[in-house]
Amino acid sequence: MKSEPDVFSIDDLAKNKRKTDHWDGIRNYEARNFIRDEMLKCDLAFFHHSNCKDPGIVGIVEIVREAYPDITAFDPTHKYYDPKSDPKHPRWFMVDIRLTRKLKRKISLRELKKHKALRDMRLLKRGNRLSILPVTAKQWNYIIKLEDN
DNA sequence: GCCAACGTTGGC
DNA sequence: GCCAACGTTGGC
């Protein structure tokens, strides 16, 4: 899960009550499908800082509530307002996440790219712009081990 | 249904 | 700040 640290960083999440927040503002169908269909309660995800000086994975979060309608899409005054999302048939969804822990160190995008084992990660593919991306179990375990390098 | 124009993302 | 990638929009 990607977030721009200038907008919402892992430290912002850590400061939240119960270290929990909802992940709103997803307005891309493929990312929406991941949120709606793939992210289940108790699943873990990497928290990734993007669009910053040194992008990379900075922490682990847990899905604590599965997909429910993204209410910011219904609010005309909200910057994520989407008139095409009908409350009766919501187009956009969000999940709640809770910070499990920050990584001991940031595992930068630059570092991830050096590992052949991670070659197929969506995050590392050229032109990728999705803010929610799948990680395989194999990739997950591999990355977790890098933390102690 | 095609596709040019346009806006956004995000690494560098 | 640049610019490639790419999703969306809208005229036809």
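Source: prediction; values computed, not measured. Residue numbering restarts at 1 for every chain, and letters A, B, ... go by the order of the sequence lines.
Look at CG on A:Asn128: it is 13 Å from C1' on B:dT8, rounded to the nearest Å. The CG atom of A:Asn28 sits 6 Å away from the P atom of C:dT8 (whole-angstrom rounding). What separates CZ of A:Arg122 from C1' of B:dT9 is a distance of 14 Å, to the nearest Å. For the pair A:Lys125 NZ and B:dG11 P, the computed distance is 17 Å after rounding to whole Å. Put simply, CZ on A:Arg129 is 16 Å from P on B:dC12, counting in whole angstrom units. The CE-P distance, from A:Met1 to B:dT9, rounds to 17 Å in whole Å. Put simply, CG on A:Asp82 is 18 Å from P on C:dG7, counting in whole angstrom units. Taking atom CD on A:Glu30 and atom P on C:dA5, their separation rounds to 18 Å, with Å as the unit.
Counting non-hydrogen atoms under 4.0 angstrom, A:Lys53 reaches nothing in the nucleic acid.
Contact of the A:Asp120 side chain with the A:Lys125 side chain is registered, since non-hydrogen atoms from C-beta on lie closer than 4.5 Å.
Place A:Asn51 and A:Lys84 on DNA chain C by their nearest nucleotides, and A:Asn51 ends up nearer the 5' end.
No side-chain N or O of A:Glu111 forms a donor-acceptor pair with one of A:Ser108 less than 3.5 Å apart.
A centroid separation of less than 6.0 Å is found between the aromatic rings of A:Trp92 and A:Tyr29.
Listed pair A:Arg126 / C:dA4 fails the phosphate criterion, with no side-chain N or O lying under 4.0 Å from OP1 or OP2.
Taken from CE in A:Met94 to CZ in A:Arg65, the straight-line distance is 7.5 Å, to the nearest 0.5 Å.
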